Visitor: 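What follows is a structure written as structure tokens; I'll ask about it next.
No hydrogens, no waters, no symmetry mates; every other heavy atom, side chains included, goes into these values. Predicted, not measured: the structure shown is a model, and the values here were computed from it.
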Amino acid sequence: PAPAAAAGPDAGGAEQVLVDELAAATDVAREAINRLAIHDALGAIEGFISSINGYVTAQEPWKVAKDDAARAKLGTILYTAAEALRAVAVLHAPTMPKAAAKLWEALGAEPTLGDLSEQDIDQVARWGQLPPGAKLTKGAALFPRIIDEES
């Protein structure tokens, strides 16, 4: 199936790129898992995560937040990032269950989407599953820095 369109009044090309890249990464991951090539699945997921990082860096929500006239654009940027991370939580649940569960919880996904373990990889690329206005919570770092005591 064709990827969905990015949602939001200010959604544009940058958001659609993430929608399309999620669909492609999900297809690669599903196919790789079917042939037991977990490294290829993880590579596709990590490529999508790099795209999310690039999107956030390029969109500069920290600057957009300073412009009251750009509130809709800020909402689109933040929703796009949260929706992309919803997909990452589902895709990484089999390989990083604790981190994925923490991310799922921080996104406030469970009340409307159900438990992370109930999510279907065949549906992960369906864009727009996280309801707009979902309450995000700041939790502990998913991957805390290791402090080198000798430094």
Visitor: In chain order, what residues pass the side-chain contact (heavy atoms from CB on, under 4.5 Å) check against A65, with sequence neighbours excluded?
Guide: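 By the side-chain contact (heavy atoms from CB on, under 4.5 Å) rule, A65 matches L74.
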Visitor: Please list all pairs meeting salt bridge (charged side-chain N to carboxylate O under 4.0 Å, His left out) that have one or both residues in residues 79-95, counting only residues at least two apart or in different chains.
Guide: E83-R86
Visitor: Supply the atom-to-atom distance L18 CG to I52 CD1, rounded to the nearest 0.5 angstrom.
Guide: 6.5 Å
Visitor: Could you go through the side-chain contact (heavy atoms from CB on, under 4.5 Å) check for D27 and R30 one step at a time?
Guide: CA-CA 5 Å; D27 287 344; R30 182 184 310 104; 3.1 Å; yes
Visitor: Please report the closest heavy-atom contact between A81 and V56, naming both atoms and the distance.
Guide: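 Minimum heavy-atom contact is CB-CG2, 4.1 Å.
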Visitor: Got a sec, which residues hit side-chain hydrogen bond (donor to acceptor under 3.5 Å, both in side chains) with E21, two or more places apart in sequence or on another chain?
Guide: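 E21: side-chain hydrogen bond (donor to acceptor under 3.5 Å, both in side chains) contacts with S51.
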Visitor: If we ignore angles and hydrogens, is there a donor and acceptor under 3.5 Å between the side chains of E15 and Y55?
Guide: yes
Visitor: Starting at CD of Q123, measure out to OG1 of T26 and round the result to the nearest 0.5 Å.
Guide: 10.5 Å
Visitor: Find the distance between CE (M96) and CG (L91) and round it off to the nearest 0.5 Å.
Guide: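 Nearest 0.5 Å value for the CE-CG distance: 12.5 Å.
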Visitor: Using only atom types and a distance under 3.5 Å, with no angle test, would you say the side chain of Q119 pairs donor to acceptor with the backbone of L113?
Guide: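 Judged by distance alone, yes, a pair lies under 3.5 Å.
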Visitor: D40: which residues meet the side-chain hydrogen bond (donor to acceptor under 3.5 Å, both in side chains) condition with it, sequence neighbours left out?
Guide: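 Once residues adjacent in sequence are excluded, the partners of D40 under the side-chain hydrogen bond (donor to acceptor under 3.5 Å, both in side chains) criterion are R35.
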Visitor: Work out which heavy atom in F48 is nearest to a heavy atom in A87; give both atom names and the distance.
Guide: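 Answer, listing the atom of F48 first, then A87: CE2-CB, 4.5 Å.
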Visitor: Tell me, do L103 and H92 make a side-chain contact under 4.5 Å, heavy atoms counted?
Guide: no
Visitor: Could you grab the distance from atom CD1 of I77 to atom CD of Q59, nearest 0.5 Å is fine?
Guide: 5.0 Å
Visitor: Could you pull out all residues at least two apart from D67 that satisfy side-chain hydrogen bond (donor to acceptor under 3.5 Å, both in side chains)?
Guide: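 In terms of side-chain hydrogen bond (donor to acceptor under 3.5 Å, both in side chains), with neighbours along the sequence ignored, D67 is linked to no residue.
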Visitor: So if you build clusters from Ile, Leu, Val, Met, Phe, Trp, Tyr with side-chain heavy-atom gaps below 4.5 Å, do I45 and V28 land together?
Guide: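 No, it is not one cluster - the side chains of I45 and V28 are not joined through contacts under 4.5 Å.
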Visitor: Using atom types as modelled, flag every donor-acceptor pair under 3.5 Å from a side chain in residues 130-144 to any protein atom, sequence neighbours excluded.
Guide:
none

Visitor: Are V17 and L85 linked, directly or through intermediate hydrophobic residues, by side-chain heavy-atom contacts shorter than 4.5 Å (ILVMFWY only)?
Guide: no
Visitor: Among the clusters formed by ILVMFWY side chains lying less than 4.5 Å apart, do I33 and L36 turn up in the same one?
Guide: no
Visitor: What is the distance from atom CG of L22 to atom CH2 of W127, rounded to the nearest 0.5 Å?
Guide: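 Atom-to-atom, L22:CG and W127:CH2 are 6.0 Å apart.
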Visitor: Taking only residues two or more places apart in sequence or in another chain, which ones pass side-chain hydrogen bond (donor to acceptor under 3.5 Å, both in side chains) with E105?
Guide: none
Visitor: If a pair satisfies salt bridge (charged side-chain N to carboxylate O under 4.0 Å, His left out) and one of its residues is in residues 43-52, list it, with sequence neighbours excluded.
Guide: none
Visitor: Which pairs pass salt bridge (charged side-chain N to carboxylate O under 4.0 Å, His left out) with one or both residues in residues 47-63, sequence neighbours excluded?
Guide: E60-K63
Visitor: So, do I121 and V90 sit near enough that their side-chain heavy atoms are less than 4.5 Å apart?
Guide: no
Visitor: My understanding is that only residues two or more places apart in sequence, or in another chain, count here; which of them pass side-chain contact (heavy atoms from CB on, under 4.5 Å) with A93?
Guide: A100, L116
Visitor: For residues A29 and A44, report the shortest heavy-atom separation together with the two atoms involved.
Guide: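 What the structure gives for the nearest pair is N-CB, 4.3 Å.
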Visitor: Quick one: which residue pairs count as a salt bridge (charged side-chain N to carboxylate O under 4.0 Å, His left out) with a foot in residues 106-119, not counting sequence neighbours?
Guide: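 Every candidate salt bridge (charged side-chain N to carboxylate O under 4.0 Å, His left out) pair involving residues 106-119 fails, so no pair, neighbours aside, qualifies.
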